[in-house]
Structures are given as structure tokens and as C-alpha cells.
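Encoded as C-alpha cells, the structure appears first; notes follow it.
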Amino acid sequence: MKRFNPDAMGEKLLRRFAGGTSRRGILARMGAALVAAPVFPLLPVSRAEAAKPDRSPEAKTAFARSAQTTDQTKCNYWRYCAIDGALCTCCGGGIHTCPAGAEPSPVSWVGSCINPDDGKAYMIAYRDCCGKPACGQCNCDNTDRETQLYLPQLNNNVIWCFGTSSMEYHCSTAMMIGAA
């Protein structure tokens, strides 16, 4: 039973480990791991499934199933999938222009909307127009693919009139950035 002594085996193992390593070596390995860790998300991965999104009617959201491409004054216009507020198209402006007397906010939130005509997803930047009293016409609250507020750049529950002469909200625009 003397040959199988766990304390002696543990001591022998730790002494061998301590003799083959140094504090500097361990610190160097830990430093290399800390420097390399942020690079791991950039490594290539197989994105074959992501390249082919499911565009079947069953996979679409309720908004995407009822979206249309003809009337920009309706809440179900395809670019309005994540808009929250009055549509500038009903308030004297355009789909991507503020009405006279209102200034666009320098910041925006984004959404990824599917155009029903071509079935492709596009990035849409929603920008509030500020400096005039609220329009109050064509109010929409679409939350298709909305994220939690901890990602404020993707959330539509914030008044985005930061950096303008007035924090008074008037209406919202929807400018297409490009393919998603």
C-alpha cells in the first residue's frame, strides 16, 4: 500500500510541473491568450446557412406577410417594418425627407425590411424630424425584428432628436441604406 500514496503522487506531479515551468512562462501564456481572445470572433466560420435565408411565407413575420410597395402613407409599406411615430409622407415631407421647417436628427435607428417585390432584405435607417410640433397623422408602431433597449441603435422607442436645435419630435423618415 506504500506504493499507492496519493499525497506522494500529487507531490511528485506538482514538483515535476514546477520544475518545467516558470512564473514568467505562465504570465507570457496568459498574456498571449488575453491578446488573442478578441480576435476569435473574426476567425472564419461556415456561413452557408446564413447565405440562404428562408424567404418562405411561413418564415416571414406578420408584417412581412402583409407588406405592400405602392402606398407610402400606409403603415404596412414595406420600408416601415421597424418605424415608430408619425410618417413624414403624411406630414408634408417624403419617405426620406423632412417637411419644411423640420430638421433631421443626426442619429437614427435601423431595421432590416423585406421588399415583397423582389424578396430581398434591405437595411433601412429611420430618422426623426425635429423642431416642429408633433404631426399626429399616420401614426405607426411597427416592431418587426425590434431589439431590446440595450441596443439603442436598433430600438424605435427612443426620440432621436439628439443634436438638433429642438428636442421636439415631428415625424419619422425611412431611408434605404442598401442590401442587408
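In this chain, residues are counted from 1 in sequence order. Not measured: the values here are computed from a predicted model.
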Taking all heavy atoms of [X] and all of [Y], pick out the closest pair and write down the distance.
| X | Y | answer |
| --- | --- | --- |
| Thr69 | Asp117 | OG1-OD2, 3.1 Å |
| Arg79 | Met175 | NH1-CA, 4.5 Å |
| Pro104 | Arg127 | CB-CD, 3.8 Å |
| Gly111 | Tyr126 | N-CE1, 3.8 Å |
| Ala86 | Gln137 | CB-O, 3.3 Å |
| Cys98 | Ala102 | CB-O, 3.7 Å |

So does [Y] get a backbone contact from the side chain of [X], meaning a donor-acceptor N/O pair under 3.5 Å?
| X | Y | result |
| --- | --- | --- |
| Gln72 | Thr89 | no |
| Tyr80 | Ala174 | no |
| Asp128 | Tyr169 | no |
| Asn76 | Ser66 | yes |

Could you tell me whether the side chain of [Y] reaches within less than 4.5 Å of the side chain of [X], counting heavy atoms only?
| X | Y | result |
| --- | --- | --- |
| Gln68 | Trp78 | no |
| Cys129 | Thr173 | yes |
| Trp109 | Ser172 | yes |

From the list Arg16, Arg15, Met9, side-chain contact (heavy atoms from CB on, under 4.5 Å) partner of Lys12 resolves to Arg16
Enter the distance from [X]:[atom1] to [Y]:[atom2] here, rounded to the nearest 0.5 Å.
| X | Y | atom1 | atom2 | answer |
| --- | --- | --- | --- | --- |
| Cys75 | Asn139 | SG | CG | 7.5 Å |
| Ser108 | Ile124 | OG | CD1 | 11.0 Å |
| Ser105 | Met167 | OG | CE | 8.5 Å |
| Cys81 | Asn115 | SG | CG | 11.0 Å |
| Cys140 | Lys74 | SG | NZ | 10.0 Å |

May I ask you to check if the distance between the SG atoms of [X] and [Y] is under 2.5 Å?
| X | Y | answer |
| --- | --- | --- |
| Cys135 | Cys88 | no |
| Cys91 | Cys171 | no |
| Cys161 | Cys130 | yes |

Could you go through the side-chain contact (heavy atoms from CB on, under 4.5 Å) check for Leu87 and Tyr77 one step at a time?
CA-CA 11 Å; Leu87 303 177; Tyr77 183 68; over 6 Å; no
